[in-house]
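Only a predicted model underlies this, so the values are computations on that prediction, with no experimental measurement involved.
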Amino acid sequence: MPIPPERPEGAGKRLRLLSFNAQVGIHFSRPHHYLTHSWKHLLPFDGRMTNLDRVARFISSFDVVGLQEMDAGSLRSSYVDLTAYLSERAGFPHAYTRVNRDLGTFAKHAMGLLTRTEPDRVEMHRLPGPIPGRGAIEARFGLENGESLVLVLVHLALGRRARRSQLDYIAERIAHEPHAIVMGDFNCHPESRELKQLVARTGLLDPMPCAATYPSWDPQRVFDHILLTPDLSVSDMRVYDVQLSDHLPVGIEIELPGAGRIIEAGRQTPSLARTDA
């Protein structure tokens, strides 16, 4: 399994991000596994945590990790919040879980965000759509220069009409943000009408518009994206060929704008404190 390079010396100035649809810790490597392994979406099995331990080792060198298709603690996950599990195993001090569809004992469909620096604010959003159960996590990080970096993690619907309304909602949230990132499983290609509309409204760029991520054993479809505002320069970007799910993870390293560095929530430099006084 390819291991990401170690985080650079200037990790405060640079940020390594990863988006990964982890499929509730299930590893698929053949099309027929959707049939023969489908029971693993409903019931616990011994290999789930073993596979998630591999995921934890892989993600441990990133600064921010967005996870889709998680479980917040139900029968199938042995009542373990899988985002919290990965946070502990991979050494992330801050973890945020959003339950998108709560089926009680049987499943708690969720997404998760792992960060090394505590955001100033985290908001959970219910995305619009005819069928409830899609959500987003919005995290706002303070920069040393007094500005903010806004990150939105999404897992969009399968239907085009629902995706369009969900991306309209996201566009409203970030339309006036100078430093923004939207990442996740979009369930659509960069050339789709709804994604083009998001780009037109926000100015977001996709540095990897043709990087296929699905299915993991024979990538043909570009479903997983990391979009960012033009001020965030990219120093590395790739799709990682790791067989841990039915999706491949997509990662990017960016340089923060100007002299900005991410700071811990509630911690200000003396100059910023004087400005606020």
Pairs meeting criterion salt bridge (charged side-chain N to carboxylate O under 4.0 Å, His left out) with involvement of [range], two or more places apart:
{"range": "residues 97-110", "result": "D102-K108"}
{"range": "residues 196-211", "result": "D168-R201, E172-R201, E191-K196"}
{"range": "residues 32-48", "result": "none"}

**OP:** Mind checking ring pair (Phe, Tyr, Trp, His ring centres under 6.0 Å) for Y85 and listing every partner two or more places apart, or none if nothing turns up?
**Re:**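 Scan of Y85 (ring pair (Phe, Tyr, Trp, His ring centres under 6.0 Å), adjacent residues dropped) gives none.
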**OP:** Could you point out which residue of N187, T213, N21 forms a side chain to side chain donor-acceptor pair (under 3.5 Å) with D224?
**Re:**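 With D224 as partner, side chain to side chain donor-acceptor pair (under 3.5 Å) holds for just one option, T213.
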**OP:** Quick one: closest heavy-atom pair of H247 and D185, and the distance?
**Re:** CE1-OD2, 3.3 Å
Would you call the rings of [X] and [Y] parallel, tilted or perpendicular, taking 30° and 60° as the class edges?
{"X": "H37", "Y": "H33", "value": "parallel"}
{"X": "Y34", "Y": "F28", "value": "perpendicular"}
{"X": "Y96", "Y": "H94", "value": "parallel"}

Subject >> Exam field: side chain R54 to backbone L244, donor-acceptor pair closer than 3.5 Å >> reply: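 Not at all, since once roles are kept as given, no pair shorter than 3.5 Å links the two residues.
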Original post:
What residues form a side chain to side chain contact (heavy atoms under 4.5 Å, CB included) with T202, not counting sequence neighbours?
Top reply: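 Here the qualifying residues are A171, I174, L198, L204.
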**OP:** Report the residues that fulfil side chain to side chain contact (heavy atoms under 4.5 Å, CB included) with T83, sequence neighbours left out, ordered by chain and then residue number.
**Re:**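 So T83 forms a side chain to side chain contact (heavy atoms under 4.5 Å, CB included) with M70, D81, A95, T97, L114.
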